[in-house]
Amino acid sequence: MSKIISVHSFRGGTGKSNTTANLAALLALQGNRVGVVDTDVQSPGIHVLFGLDESQMAHSLNDYLYGKCAITETAVDVTSNLKVPVKGKVFLIPSSIKAGEIARVLREGYDVGLLNDGFQDLLEGLKLDFLLIDTHPGLNEETLLSIAISDALVIIMRPDQQDYQGTGVTVEIARKLGVPAMLLVVNKVPQAFDPAEVKAKVERIYNCTVAAVLPHSDEMMALASAGIFSLQYPDHPVAAKYKQLAAQLMA
Amino acid sequence: MSVFDRLQKQLDIQKREHGISALELADLPPNLRKIMRLMLREVVLKYTDLCHAVEAMPAANRLSKPELDSALKTLVEQNWLLCTGEGEFLSYRVNLRRKAGSSLNKDIWASLDNRIAGSKSQEAPNQKINPGG
């Protein structure tokens with residue numbers, strides 16, 4: 001049975017899109033058909049990690065939400081952009097990066113029911129094993145909807161006081177919504193920190209499994225979203241952590 | 001589009017205005033929330049399939065038939081579930097409220113539209129907008 005996985009963080013800049021893209025690639029590497037929806041309609045960005053530019057987006061999620069096309073028509077097969085042999089497939093459903101279309105979403109709102117119908121259509125139409133939803137940081141309509149329909153929620157946080165507080169809000173909401181599985185990922189952890197201590201502290205605070213503690217990586221920063229890190233640096237310790245996380249989601 | 005089509009569309013829009021927002025889902029009582037979560041994943045379910053899906057839930061989460069019927073009645077009364085058909089064709093679907101647009105003054109949006117249109121017309125034919133600004 002196909003799984004919906006939401007990747008969320010309460011605050012921006014935690015590495016949410018990077019994590020989503022890496023998980024998608026690693027799941028595809030294992031032979032899975034993976035869909036990635038960029039529901040961050042206000043500040044889309046994950047298309048950059050998949051090397052997709054505006055000219056390659058015949059349609060976007062915005063077009064679907066305003067009735068211009070079916071959601072499956074917005075899906076771009078980005079498997080070849082991964083630049084390594086992959087047994088499965090990765091399809092990206094990008095949000096529009098046109099200023100006027102972003103403004104339209106903010107100005108007019110949209111039919112949230114259509115977004116949910118679209119998720120289900122993607123699972124069926126593209127025969128997906130996994131649908132990953134890259135959300136907007138914080139809590140809003142589309143974020144809560146994606147949490148509510150998820151089989152698993154991956155919450156990304158940094159070891160930062162602001163993140164600690166915000167993550168608490170997300171964990172509480174996810175528990176209320178009865179998400180079957182919730183995995184915390186602590187990202188960008190300074191090298192000076194003991195990962196085991198960080199894991200124990202976060203698990204104690206939220207009473208929730210920490211699936212991975214990812215150290216800060218200069219190589220990741222230097223890559224600057226110009227590709228999928230775990231494919232470009234397959235032997236890097238951060239790539240190993242991503243693989244562990246992907247394995248947990250496949251289990 | 002016929003008069004009846006237009007009326008039906010108007011009724012659908014009115015129903016959507018009374019639907020449930022994703023924000024409200026978290027505050028529903030547990031039994032109602034379980035049904036709504038199930039329905040969100042299935043989109044449309046016949047009553048008989050809904051009964052089977054509830055029976056397949058883990059024992060701790062399972063609703064009895066009276067509990068299920070009571071939850072469905074409440075959800076339909078609130079317009080959070082839409083009910084169509086009768087008898088063996090009785091089916092349900094979630095009625096999610098439309099995400100509201102901005103309440104900012106329309107002049108602000110008109111001004112933004114003009115600026116976007118202006119910047120487009122100043123671009124060379126093949127030049128792209130840089131969202132990063």
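Because the structure is a prediction, the values reported are computed rather than measured. Within every chain, numbering begins at 1; the chains are lettered A, B, ... in the order of the sequence lines, protein sequences first and strands thereafter.
The parts of Ala26(B) that come within reach of chain A are both its backbone and its side chain, each placing non-hydrogen atoms under 4.5 angstrom from that chain. Contact annotation for Ser150(A): only backbone heavy atoms (N, CA, C, O) come within less than 4.5 Å of a heavy atom of chain B. Only the side chain of Gln120(A) comes within less than 4.5 Å of a heavy atom in chain B; its backbone stays farther off. Using a 4.5 Å cut-off between heavy atoms, Leu115(A) makes no contact with chain B at all. Looking at Leu112(B), only its side chain comes within 4.5 Å of chain A, counting heavy atoms on both sides.
Atom CD of Gln165(A) has 12 or fewer neighbouring heavy atoms from other residues, nucleotides or ligands inside a 6.0 Å radius. Atom CD of Gln56(A) is surrounded by more than 12 heavy atoms from other residues, nucleotides or ligands within 6.0 Å. Within a 6.0 Å sphere centred on CD of Glu86(B), heavy atoms belonging to other residues, nucleotides or ligands number 12 at most.
A donor-acceptor pair is defined here as one N or O able to donate and one able to accept, closer than 3.5 Å; such a pair exists between the side chain of Arg33(B) and the backbone of Lys176(A).
Leu144(A) and Ala22(B) get closest at one heavy-atom pair: CB-CB, 3.8 Å. Nearest heavy-atom pair, Pro180(A) versus Arg37(B), reported as atom, atom and distance to 0.1 Å: CD-NH2, 3.2 Å. Smallest separation of non-hydrogen atoms from Ala148(A) and Leu40(B): CB-CD1, 4.2 Å. The two atoms that bring Arg98(B) and Gly109(A) nearest to each other are NH2-O, 3.4 Å, heavy atoms only.
If you take CG on Asp117(A) and CG on Leu96(B), they are separated by 8.5 Å, rounding to the nearest 0.5 Å. Separation of atoms CG (Asn116(A)) and CZ (Arg41(B)) is listed at 9.0 Å; rounding is to 0.5 Å. Taking CG of Leu145(A) as the start and OG of Ser21(B) as the end, the distance is 10.5 Å to the nearest 0.5 Å.
Between Lys99(B) and Asp111(A), none of the side-chain N atoms (NZ, or NE/NH1/NH2) sits under 4.0 Å from a carboxylate O, so this pair counts as no salt bridge.
Contact check for Glu141(A) versus Leu23(B): side-chain heavy atoms found under the 4.5 Å cut-off.
If you tally non-hydrogen atom pairs under 4.5 Å between each of Pro44(A), Ser43(A), Ala174(A), Ala103(A) and chain B, the highest count goes to Ala103(A). When Arg175(A), Glu172(A), Glu142(A), Arg104(A) are compared by the number of non-hydrogen pairs under 4.5 Å with chain B, Glu142(A) comes out ahead. By number of non-hydrogen pairs under 4.5 angstrom with chain A, the leading residue of Ile108(B), Asp27(B), Asp113(B) is Asp113(B).
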